[in-house]
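Down below is the structure, laid out as structure tokens.
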Amino acid sequence: MGKLTGAALILVGCMGLVASWLRAQKGRQRVAAELIRILASWEYSLEREKYRLIEFLEGCQSSEAPVERLRTELIQALLTHSYESGAALWADVLENNRASLDLGEAMWELFSAADGVFFGTSSRESLRCAAVCRKHMEECLERERQEFRRKQRVYMPVGMLGGVLLIIWLI
């Protein structure tokens with residue numbers, strides 16, 4: 001009876017590890033997609049509505065908690081005027097939220113270099129930066145999704161096979 005219970009616990013543990021990896025990867029993709037959506041919304045707002053950044057951020061809610069924390073911190077910093085430049089504000093706020101955003105390295109590099117999108121010297125420059133940044137982030141997200149599908153096809157069977165082998169080894 002103990003061996004059977006142990007075997008079941010090992011299998012459940014392996015399934016839990018695989019499920020945890022899947023959940024983390026999908027969460028990372030959702031955050032990246034939400035950031036791309038915000039960039040597209042900002043691009044539209046600049047082009048059509050002529051919103052200021054603070055007005056845009058106050059009206060742009062996010063369903064993803066890390067993105068919402070980033071938005072809230074940006075609003076707080078903009079309202080207090082505590083930074084000498086937009087680039088310094090962007091770098092500091094992003095660094096504070098790096099762990100919670102959990103973006104891949106390529107996506108992080110693109111997004112952290114996007115200070116010109118929100119703090120450009122003119123609307124035209126901000127629009128150009130937003131279009132370029134959004135395009136590159138979409139490409140990066142698509143590569144990440146393809147890599148995820150490739151890894152998923154490997155990790156799922158290997159994780160379960162590893163659990164079965166561990167059971168056989170322990171019995």
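- Both Leu70 and Ile75 sit in one connected hydrophobic cluster of ILVMFWY residues. Membership requires side-chain heavy atoms under 4.5 Å apart, directly or through other members.
- Between Glu73 and the options Leu94, Leu78, Val93, a side chain to side chain contact (heavy atoms under 4.5 Å, CB included) holds for only Val93.
- Remark: the backbone N or O of Ala88 is not paired with any side-chain donor or acceptor of Asp92 at under 3.5 angstrom.
- Listed here is the closest heavy atom pair of Met107 and Ala32: CE-CB, 3.7 Å.
- Shown here for Leu101 and Val31, the closest heavy-atom pair between the two residues is O-CG1, 3.7 Å.
- Of the possible polar contacts, none joining the Arg28 side chain to the Leu103 backbone as a donor-acceptor pair under 3.5 Å is found.
- Under the 4.5 Å side-chain criterion, counting only non-hydrogen atoms from C-beta, His136 is in contact with Glu139.
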| field | Derivation of the side chain to side chain contact (heavy atoms under 4.5 Å, CB included) call for Phe118 and Leu89 | value | CA-CA 11 Å; Phe118 298 106; Leu89 168 93; over 6 Å; no

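- Considering CZ of Arg37 and OG of Ser62, their distance stands at 6.0 Å, rounded to 0.5 Å.
- Considering every non-hydrogen atom in both Leu39 and Met137, the closest pair reads CD1-SD, 3.5 Å.
- Put simply, OH on Tyr44 and CG on Leu127 are 12.5 Å apart, with the number rounded to the nearest 0.5 Å.
- Glu34 has its side chain out of reach of Arg30: every pair of non-hydrogen atoms, C-beta onward, lies at least 4.5 Å apart.
- Listed here is the closest heavy atom pair of Cys60 and Ile38: SG-CG1, 3.8 Å.
- Contact check for Pro66 versus Asn97: no side-chain heavy atoms found under the 4.5 Å cut-off.
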| request: Check the pair Arg98 / Glu105 against salt bridge (Lys or Arg N to Asp or Glu O under 4.0 Å), numbers first and verdict last. | output: CA-CA 11 Å; Arg98 184 175 189 158; Glu105 194 60 37; 3.6 Å; yes

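- Ala40 approaches Arg134 most closely through the heavy-atom pair CB-CD, 3.6 Å.
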| When you look at Lys151 and Gln25, which way does the side chain to side chain contact (heavy atoms under 4.5 Å, CB included) test go after all the steps? | CA-CA 11 Å; Lys151 285 181 179 180; Gln25 294 299 316; over 6 Å; no

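- Inter-residue side-chain proximity for Thr72 and Leu57 is flagged as unmet; no heavy-atom pair is nearer than 4.5 Å.
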| request: Start with the C-alpha distance between Arg71 and Glu68, add both sets of side-chain angles, then the distance that settles side chain to side chain contact (heavy atoms under 4.5 Å, CB included), and finish with yes or no. | output: CA-CA 5 Å; Arg71 185 187 73 82; Glu68 188 62 24; 2.4 Å; yes

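- Residues Phe148 and Leu22 form a side-chain contact, since some pair of their non-hydrogen atoms from C-beta on lies under 4.5 Å apart.
- Considering only heavy atoms from C-beta on, Glu142 stays 4.5 Å or farther from Glu138 through its side chain.
- Here Ser126 contributes atom OG and Trp42 contributes atom CH2; the two are 6.5 Å apart, rounded to the nearest 0.5 Å.
- Put simply, CD1 on Ile36 and SG on Cys140 are 8.0 Å apart, with the number rounded to the nearest 0.5 Å.
- Of all non-hydrogen atoms in Ser100 and Arg69, the two that sit nearest each other are CB-NH2, 3.2 Å.
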